[in-house]
*Asks:* 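For reference, the structure I am asking about is given below.
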Amino acid sequence: MMPIAEALAFFSDQGEGYKVELLKDLEEKGEKAVSLYQQGDFIDLCRGPHIPDTSWLKSFKLLRVAGSYWRGDERNPMLTRIYGTAFSDKKDLKKYLNRIEEAKKRDHRKLGKELALFTIQDEVGPGLILWQPRGAMLRKLIEDYWKDAHYKNGYELLYTPHIARQDLWKTSGHLDFYGENMYSAMEIDEVAYQLKPMNCPFHIGVYNATKHSYREFPVRWCELGTVYRYERTGALHGLMRVRGFTQDDAHIFCRPDQLEEEIFNIIDLNLQVLKTFGFADYDVYLSTRPEKYVGSDEHWDLSTKALQAAMEKKGLAYAIDPGEGVFYGPKIDIKIKDQLGRSWQCSTIQVDFNLPERFGMTYTGQDGAEHQPIMIHRALMGSLERFIGVLIEHYAGAFPLWMAPEQARILNITDAQAEYCSKVYTELRQAGVRVEQDLRNEKLNYKIREAQMMKTPYMLIIGDREMEEGTVTVRKRNGDNLPPMTPQEFADLVSKECEQGTA
RNA sequence: GCCGAUAUAGCUCAGCUUGGUAGAGCGGCUGAUUCGUAAUCAGUAGGUCUCCGGUUCAAGUCCGGAUAUCGGCUCCA
């Protein structure tokens, strides 16, 4: 330990400006003394202690270097940060490095290419996704499930355009508060239009198209809405961070007395959706008022409390993310971790007292007077792109049967069975199985290997035996075989397994 | 956007240090083979070496710039 004044002198003698700055801050906070640690000739400021001595660090490896802003603020100069890791013995270090290697194999960008799910091309532009047939099928299956779940939970579906007059974005406040994330205007018949970064103003447009009564609340409108946001080049990352993405958006309009229950319902549906996709490990945050905001403090308080109350009723553990709310209201965020341990925000639930005001939304109350509805924005998967990215890594590309783009592949042993295979193929397609056939003149081993690498859940092997008996032999992707069965029996097995998956 | 790195055939990569007009494996195509649970054999096509400029008799290779990607930072669904 060293008194701060002494430490200040010590580090300024050495020309360590950043250390001096830290010390001055500590002094202001009322610290009297700081701890220093020494290793050979090297003496540094450190709160410590981390380990008894450096003999604990027998095995270490430097992993990467990266630039990093002084104190994490991009207005500050950039320092060079060196990442390293250390273990008490070599085996542990090796184990750790292997785990990183394994995680890299599950990287959605690598799997996306290998499994032919999606592609991003320079000619099209950075951060813009082209869905290949298999990825498009995966997405369709997710969308179908989503629409069904929303219908069952009292939502109605909307469709809205991709651009709107600039005036709309002025009214909504997006131009003022979100303008730096929006693409510049285009002119159509001398009127400025802009690409949408959010869907909310359109849903409000639908609301304002008709008169509303308190009796019809809550109104729940959902849309798979594709939005475009400017992201700085360095921020783009595969499917996780893109410039054009589709939100599984919804807006709920309700009375103040319904707010808490609606939020509770949303959380309930949210957790149900995450569970369907096999996510049990996520972090929940409550984000409070940011620096740039609209609306009264009273409204912020009220809605923050409603969010908190609903989470507590649901027994959901959460952390508070101070100042991370959107400009129009506080929010609940759920973040899911990817294979490399990076967490990605997916679900978000936001209360909004602002847009109803800006767009003059009203409903007729029991008292016959006009009132302003409360608006809730929410997305459960967040964006389909990001969610699918996380999903690919979560399952390492081996999707559960119900969302596998290709559920089964027919493999013939020789050309002699080709005709029978095509019959089975047609029969299974008619029965709703997502089946492909590989009738190439290749050895069975070769075809199995390919089907296996594409993580196809079932391989249907057909040789002379099966052809004579009118059956298929089913090989699972884990290598197990099921007893021979008829194509119809296989189709039943598939639909039963799918039902269990989404139940 | 910032710091650092990378960019060669559809994919994965070698060639660059020491300038002399491009290589492999897989995949594609053609042919042979007709085979029972993770790669049959042979032949063949395929590249303005990301783009723009500079140095040089000569640039995939050296230099500068742009773009994109990767690892971080910042920001975010």
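Below, read A as the first sequence line, B as the second, and so on, with proteins coming before strands; counting in each chain starts at 1.
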*Asks:* When only distance counts, do a donor and an acceptor, one from the side chain of A/R386 and one from the base of B/C76, lie under 3.5 Å apart?
*Replies:* yes
*Asks:* Should the pair A/R134-A/E436 be classified as a salt bridge under the 4.0 Å nitrogen-to-oxygen rule?
*Replies:* no
*Asks:* Any donor-acceptor pair under 3.5 Å joining the side chain of A/Q350 to the base of B/A77?
*Replies:* no
*Asks:* Does any residue of residues 457-471 of chain A have a heavy atom under 4.0 Å from RNA chain B, and if so, which ones, in number order?
*Replies:* A/I461, A/G463, A/D464, A/R465, A/E466
*Asks:* Can you tell me, in whole Å, how much space there is between the P of B/A22 and that of B/G46?
*Replies:* 14 Å
*Asks:* Determine the contact category for A/K447: base if any of its heavy atoms lies under 4.0 Å from a base atom, sugar-phosphate if only primed atoms, P, OP1 or OP2 are that close, otherwise nothing.
*Replies:* nothing
*Asks:* Kindly state which residues belonging to residues 120-128 of chain A come within less than 4.0 angstrom of RNA chain B, counting heavy atoms of the residue only, listed by number.
*Replies:* A/D122, A/P126
*Asks:* Mind pulling the stems RNA chain B is in, i.e. runs of at least three Watson-Crick or G-U pairs, everything under 3.5 Å?
*Replies:* B:1-7 with B:67-73, B:10-13 with B:23-26, B:28-32 with B:40-44, B:50-54 with B:62-66
*Asks:* Are there over 12 heavy-atom neighbours, none belonging to A/Q121, within less than 6.0 Å of that residue's CD?
*Replies:* yes
*Asks:* What's A/V227 touching, base or sugar-phosphate or nothing? Going by heavy atoms closer than 4.0 Å.
*Replies:* nothing
*Asks:* Does A/D333 pair with A/K331 as a salt bridge, N-O distance under 4.0 Å?
*Replies:* yes
*Asks:* Please tabulate, one pair per line, all N/O donor-acceptor pairs under 3.5 Å involving side-chain atoms of residues 480-490 of chain A, not counting sequence neighbours.
*Replies:*
residue : atom : partner : partner atom : Å
A/D480  : OD2  : A/N478  : ND2          : 3.4
A/T486  : OG1  : A/E489  : N            : 3.1
A/T486  : OG1  : A/E489  : OE1          : 3.4
A/Q488  : NE2  : A/D492  : OD1          : 3.1
A/E489  : OE1  : A/T486  : N            : 2.8

*Asks:* Scan A/A235 against the nucleic acid and name what it touches under 4.0 Å (heavy atoms): base, sugar-phosphate only, or nothing.
*Replies:* base
*Asks:* Applying salt bridge (charged side-chain N to carboxylate O under 4.0 Å, His left out), name anything that partners A/K447, two or more places apart in sequence or on another chain.
*Replies:* none
*Asks:* Under the ring pair (Phe, Tyr, Trp, His ring centres under 6.0 Å) rule, collect the residues that match up with A/W300, sequence neighbours excluded.
*Replies:* A/Y293
*Asks:* Name every residue in residues 416-425 of chain A that has at least one heavy atom under 4.0 Å from any atom of RNA chain B, in order of residue number, or write none if there are no such residues.
*Replies:* none
*Asks:* What does nucleotides 39-48 of chain B look like as a protein-contact string, B for base, S for sugar-phosphate only, - for none, at under 4.0 angstrom between heavy atoms?
*Replies:* BB--------
*Asks:* With a 3.5 Å cut-off and just heavy-atom distances, do the side chain of A/Y69 and the base of B/G1 make a donor-acceptor pair?
*Replies:* yes
*Asks:* In whole angstrom, give me the gap between the P atoms of B/G10 and B/U6.
*Replies:* 23 Å
*Asks:* Go through the structure and list residues passing side-chain contact (heavy atoms from CB on, under 4.5 Å) with A/N265, not counting sequence neighbours.
*Replies:* A/R220, A/E261, A/E262
*Asks:* I need the full list of salt bridge (charged side-chain N to carboxylate O under 4.0 Å, His left out) pairs touching residues 232-247 of chain A, with sequence neighbours left out, sorted by first then second residue.
*Replies:* A/E74-A/R232, A/E231-A/R241
*Asks:* Write out all pairs satisfying salt bridge (charged side-chain N to carboxylate O under 4.0 Å, His left out) with one or both partners inside residues 451-466 of chain A, taking only residues at least two apart or from two chains.
*Replies:* none
*Asks:* Measuring only the P atom in each nucleotide, how far is B/C13 from B/U8? A whole number of Å is fine.
*Replies:* 9 Å
*Asks:* With sequence neighbours left out, what residues match A/D73 under salt bridge (charged side-chain N to carboxylate O under 4.0 Å, His left out)?
*Replies:* A/R75
